[in-house]
**Student:** 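Please see the structure below; I have some questions.
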Amino acid sequence: MKLLSVERLQVAYGRIQAVRALDLQVGEGEAVCLIGANGAGKTTTLKAIAGLLPCRGSIHFDGRSLGQQPAHAIARLGLTLVPEGRGIFPRMSVLENLQMGAYVRRDRQAVKSDLEEVFALLPRLAERKTQKAGLFSGGEQQMLALGRALMSRPRLLMLDEPSMGLAPVMVQTVFGIIRQIIQRGVSLLLVEQNAHLALKLCQRGYVLENGAVGLADPADELAANPAVRAAYLGEA
Amino acid sequence: MDILAQQIFNGLVLGSIYAVVALGYTMVYGILELINFAHGEITMMGAMVAISVIGMGLAAGLPALPLILLAMLAAIAVCMCLGLAIERFAYRPLRHAPRLAPLITAIGMSILLQNIAMLIWGKQYIPFPPVFPQGEHRLLGAHVTDVQLIILATTLLLMLALTLLVQRTPLGRAMRAIAQSQPVAQLMGVNVNRVVAATFAIGSALAAVAGVLVAANYGQAHYYMGFLLGLKAFSAAVLGGIGNIAGAMLGGLLLGLIESLGAGYIGPLTHGFLGSNYQDVFAFFVLILVLVFRPSGLLGERVVERA
Ligand SMILES: Nc1ncnc2c1ncn2[C@@H]1O[C@H](COP(=O)(O)OP(=O)(O)OP(=O)(O)O)[C@@H](O)[C@H]1O
Ligand SMILES: [Mg+2]
């Protein structure tokens, strides 16, 4: 049984069909990436899985059908989306943002120790606990978004373009953190413009074209595929 | 008697009431960007229910203190139910409608509640039975009644409690999270409908207490009293920066002071041409000035109603 299994997913914005008959799976402990051109439907797919968009088709998480469950109910199952643009709460402090990540949890002691772990993983956040998150740089905001997602103890973490708008050094840092998160046993569904990095990090990948899966292969095969190299890895 | 001290004290009492009512407007606006015009009528309902309960309690021979508490609780319970019902049946179905629709619904709810109150309690002013302590004191040159002291103590306590709720509790964080981004709040597992309902319940409870206190202060209530009180509290919320909790409190207190000082000094300043009956004009004068020169209010971070 796959941890996440999406079949014939269809999402439309009014009359614009953004995702048409998409299938994808993520196994327990697996890291999978979703790459594709601008407007291919990557963000739409993640939002639909998270319950933020009405959709057709079937989505199963941990053997349970998500049906048309509201987003807040899906979040409680351990399916956590870090949205495009990070979605931190700018007028809240770092600590409060992290507390929001643990909003659904009632195990106060474990939340406390998770907070310590997040601060250990992301020392920059610990230094600036009481600062308003809106004052942070893009990279720091992305770290905060990752830390906040960890506070929910995700079983499957979905990241929408974590490298967006970051300087190259910061991209390396952020991907280093994502790698550590994977090593903790969290399953990953990663949407990323930087296909090079994504394919290096993940075991499998899907190439999305016009709202449907064009290719689905192990990451090293995709990285070696001439068509993928030409379209997404910037090689002529 | 010291006129300045007196006007400042009166202004603080009045302003603390405005502040508590303004909190209801600002919390709902902060979360839904909706101006709940029926909120003023909720204060009126609180006053009316309390008067009825006190009337019955006195007839049954209940002593004053338990009776006051009973009346408060009854007013709070009825107002919470009203607030929840209005949110659930009038506003929630319009959550994603164009902004004008809920605004018009809000005005409709306000008129509906006025008419319901008129049918139940009639058109006349109804006296608030003198169950509150009726003592009078001198304080720094001002003439101060027990009821005024009770108002100050109660409202300050409520403002403190609400601040703690919003700043320190998961519910308060969820409210602020929704105000900043509703979809992201949902991604954190926040049930938006539940938090919105809680917001209406809390705002309505505050309004109930404010309504009872106002009626006790003036010794009477009237089915139309919520209109002016609501409009002034709304002005106070805009003055402080609508959507901003601290702003509502500051705006309320300032507006109370402006009104009271204005009413106290407008006569001498205009050589008797304008009297203290112009008191009500100040609130709207302030509202217009704020909207023209600082639409985001004193502490506000965002722009007011764009519809
Ligand atoms: N809110 C919306 N209303 C209408 N159309 C939309 C909306 N959001 C996205 N679309 C359209 O749906 C399609 C898929 O968009 P989506 O954002 O999922 O693409 P993406 O793969 O995430 O692109 P990018 O790499 O630019 O983030 C696009 O054609 C886009 O124009
Ligand atoms: Mg996208």
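Each chain gets a letter, A, B and so on, in the order the sequences are listed, and its residues count up from 1. Just so we're clear, the structure is a prediction, and the values are computed from it rather than from any experiment.
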**Student:** Is the number of heavy atoms from other residues, nucleotides or ligands under 6.0 Å of A:Y13 OH greater than 12?
**Tutor:** yes
**Student:** Taking atom NZ of A:K47 as the centre, does the number of heavy atoms from other residues, nucleotides or ligands within less than 6.0 Å exceed 12?
**Tutor:**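 For A:K47, atom NZ is not crowded (no more than 12 foreign heavy atoms under 6.0 Å).
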**Student:** Decide if atom CZ of A:R64 counts as having more than 12 heavy atoms of other residues, nucleotides or ligands within a radius under 6.0 Å.
**Tutor:**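 It does not: A:R64 CZ has 12 such atoms or fewer within range.
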**Student:** Output the option from A:G101, A:A50, A:P90 having the highest count of non-hydrogen pairs under 4.5 Å with chain B.
**Tutor:** A:P90
**Student:** Calculate, to the nearest 0.5 Å, the distance between atoms CE and CG belonging to A:M158 and B:L187 respectively.
**Tutor:**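 Answer for the CE-CG pair, A:M158 versus B:L187, is 8.0 Å.
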**Student:** On a heavy-atom basis, which atom in B:V184 and which in A:G87 lie closest, and how many Å separate them?
**Tutor:** CG1-O, 3.1 Å
**Student:** In this structure, are over 12 heavy atoms from other groups packed under 6.0 Å from A:R56 atom CZ?
**Tutor:**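 Count not over threshold, so no.
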**Student:** When you measure from the side chain of A:E96 to the backbone of B:R173, do you find a donor-acceptor pair of N or O atoms at a distance under 3.5 Å?
**Tutor:** no
**Student:** Which atoms of A:L52 are under 4.5 Å from chain B, going by heavy atoms: the side chain, the backbone, both sets, or neither?
**Tutor:** side chain
**Student:** Can you name the nearest heavy-atom pair linking B:Q186 to A:A75, along with the distance?
**Tutor:**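 Distance-wise, the nearest heavy atoms are O-CB, 4.0 Å.
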**Student:** Kindly check if the number of other-residue, nucleotide or ligand heavy atoms within 6.0 Å of CZ (A:F119) is above 12?
**Tutor:** yes
**Student:** Please report the shortest heavy-atom distance between A:V104 and B:M188, naming the atom on each side.
**Tutor:** CG1-O, 3.6 Å
**Student:** Within a reach of under 6.0 Å around CZ of A:R184, are more than 12 heavy atoms found that belong to other residues, nucleotides or ligands?
**Tutor:**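 Atom CZ in A:R184 is packed in, count exceeds 12.
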**Student:** Of all of A:H72, A:R76, A:M151, A:M100, which one pairs up most often with chain B through heavy atoms under 4.5 Å apart?
**Tutor:**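 Highest number of heavy-atom pairs under 4.5 Å: A:H72.
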